[in-house]
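Quick note: residue numbers are just sequence positions, from 1.
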Amino acid sequence: MIAFLFLFAALHPFVTFPLSLRLARKAKARPLDRRPEIEPTMAMCFCAYNEEAVIAEKAENLLALKRAIPSLEIFAYVDGRGDRTGEILQSYGKDIAVDWSAERHGKSHGMNRIVGMATADVIVFTDANVMLDGEALANLRGYFEDPSVGCVCGQLRYLDNADSATASTGSLYWKLEEAIKQLESDTGSVMGADGSIFAIRRSLHRPVPADIIDDMYVSFSILLDGHRIVRAPDVVAYEQSVSSASEEFRRKVRIACQAMNVHRLLWPRLRGMDGWNLYKYVSHKLMRWLSIFTLALSALFFTAGFLAQGWIVATIALWATGLLAIALGAMGVKPFAQGWNVLLALIGTGFGVVKSFTGERFQTWTPASSIRRSAS
């Protein structure tokens, strides 16, 4: 029985949680209450470090959006002087306001600075390697017609998802993530925003501690202040998939560590949420971060149960089969490679959680080179 409980805990964020949202969608429906007023002004904010392979494409993408919306403000923070990123951005003159730091301070420090420079009603956050659809900002405005909405999450689509098992697995995982976000939005609020594309009312922005990840902290602070986070499926952005398993593993470690740091900082407020939002948060975030541990405990208790029944040969056969599947996956043999990448993602997340409790912060970041090579 204990083994099944731990297995349920491991699978719940990916299986029974989205099913519960689907079942509750009618009873918990929260359609937007649009009250058209004067269109809000908007500002784009992004941070960059060693992005010279993609930064010109990013700048051109944003300038195309500005031609469609001339009042659009564009702000960039360059974190250090590792390559020509800052020089390329400065070549665009007054169209892009560049804050270029001689030393590295991290993304949250940079976002605080450029948000402080903006005067627009709505701040749109994005990443340096993410390209926005031409209609993204025009579609975004309508969601803020609902006065209860404080934060809007766009839809991120990964490109080149067939490039490798790592890329295809990551793309499949993100499709599940986007589906869960939509169900959360339909039933109230999404549990946090992703930094690739999200927007907030500038008046609701809270400065982020320099060693805390900005997207999760900013979006959850808005939710905890009583405003909705909704998903906008027609606000689309595109990003290249990470094709290197080692890079994706390191990315999972960093993101999980940063997320757990935010959790530990905000938990005194998070635990005070209403029951429905607390259920969504624990299911979507906390239980997912801990899934490798509950999965391991499930395997341990199943093994102990089998051995207690005297099923020694069956236990050895099951473990041998599992280890063989892992070995084949690590060698890139399909379909085992996809399973191996899922396991790596769970392990990486678990490592990140542990690192959070050992004091790791990941205040600065290094871009994934496999994305930038494919984009250049």
Side-chain angles (χ1 to χ4, degrees), residues 12-36 40 42 122-126 130 132-133 135-158 171-201 204-205 214-239 259 262-263 266 269-270 273-288:
H12 174 67
F14 310 99
V15 182
T16 50
F17 172 55
L19 286 175
S20 71
L21 292 177
R22 183 174 291 276
L23 290 173
R25 184 161 53 179
K26 186 174 182 180
K28 293 282 188 179
R30 284 285 304 275
L32 290 175
D33 179 18
R34 296 179 185 266
R35 303 175 189 178
M42 293 187 289
V122 170
I123 305 293
V124 185
F125 298 94
T126 185
V130 171
L132 275 65
D133 181 80
E135 298 299 317
L137 296 188
N139 294 336
L140 174 65
R141 278 176 161 164
Y143 291 87
F144 287 102
E145 292 176 355
D146 184 335
S148 71
V149 171
C151 177
V152 179
C153 306
Q155 177 183 185
L156 178 64
R157 294 179 182 171
Y158 279 108
S171 179
L172 184 62
Y173 164 82
W174 194 253
K175 288 179 181 178
L176 172 63
E177 178 71 4
E178 290 284 4
I180 291 173
K181 285 181 178 180
Q182 187 60 58
L183 288 168
E184 289 178 337
S185 184
D186 292 343
T187 57
S189 281
V190 180
M191 291 297 104
D194 173 73
S196 57
I197 174 65
F198 77 104
I200 68 168
R201 298 184 191 273
L204 302 181
H205 181 263
D214 67 300
D215 49 6
M216 184 175 176
Y217 181 89
V218 168
S219 57
F220 269 106
S221 293
I222 289 172
L223 176 64
L224 293 169
D225 286 339
H227 308 277
R228 288 184 69 188
I229 305 174
V230 299
R231 180 176 181 267
D234 54 350
V235 178
V236 181
Y238 303 92
E239 182 178 0
V262 176
H263 164 79
L266 292 182
R269 299 187 68 201
L270 289 166
M273 289 191 295
D274 65 89
W276 180 240
N277 276 328
L278 187 59
Y279 166 72
K280 290 200 287 186
Y281 175 77
V282 171
S283 299
H284 189 168
K285 298 297 185 180
L286 195 56
M287 292 181 71
R288 184 180 295 189

Applying salt bridge (Lys or Arg N to Asp or Glu O under 4.0 Å) to E177 and not counting sequence neighbours gives R288
Only counting residues at least two apart or in another chain, list the ones meeting side chain to side chain donor-acceptor pair (under 3.5 Å) with D214.
-> none
Using salt bridge (Lys or Arg N to Asp or Glu O under 4.0 Å) as the criterion, list what pairs up with R269, not counting sequence neighbours.
-> D225
Closest non-hydrogen atom pair, A199 against L140 | CB-CD2, 3.7 Å
What's the verdict on side chain to side chain contact (heavy atoms under 4.5 Å, CB included) for L172 and L176, showing C-alpha distance, side-chain angles and the deciding distance?
-> CA-CA 7 Å; L172 184 62; L176 172 63; over 6 Å; no
Kindly write out the residues that satisfy salt bridge (Lys or Arg N to Asp or Glu O under 4.0 Å) with R25, not counting sequence neighbours, or none if the list is empty.
-> D186
Within 45° cone and under 6.0 Å: R22 NZ/CZ vs F17 ring = no
Check each of M273, M191, K285 against K280 using the side-chain contact (heavy atoms from CB on, under 4.5 Å) test, and report the only one that passes.
-> M191
On a heavy-atom basis, the closest approach of S283 and P13 is O-CB, 3.3 Å
In chain order, what residues pass the ring pair (Phe, Tyr, Trp, His ring centres under 6.0 Å) check against Y281, with sequence neighbours excluded?
-> F220, H263
Separation of Q155 CD from K175 NZ (nearest 0.5 Å) = 10.5 Å
Which of these passes side-chain contact (heavy atoms from CB on, under 4.5 Å) with L270: L224, L278, V262?
-> L224
Do you know the tightest heavy-atom contact between W276 and A24?
-> CH2-CB, 3.7 Å
Lys/Arg N to Asp/Glu carboxylate O, E178 vs R157, below 4.0 Å = no
Residues two or more places apart in sequence or in another chain: which of them pass ring pair (Phe, Tyr, Trp, His ring centres under 6.0 Å) with F198?
-> F125
Is the backbone of Y217 close enough, under 3.5 Å, to the side chain of S221 for a donor and an acceptor to pair up by distance?
-> yes
Flag the pair D234 / Y143 as yes when at least one side-chain heavy-atom distance between them is below 4.5 Å, and no otherwise.
-> yes
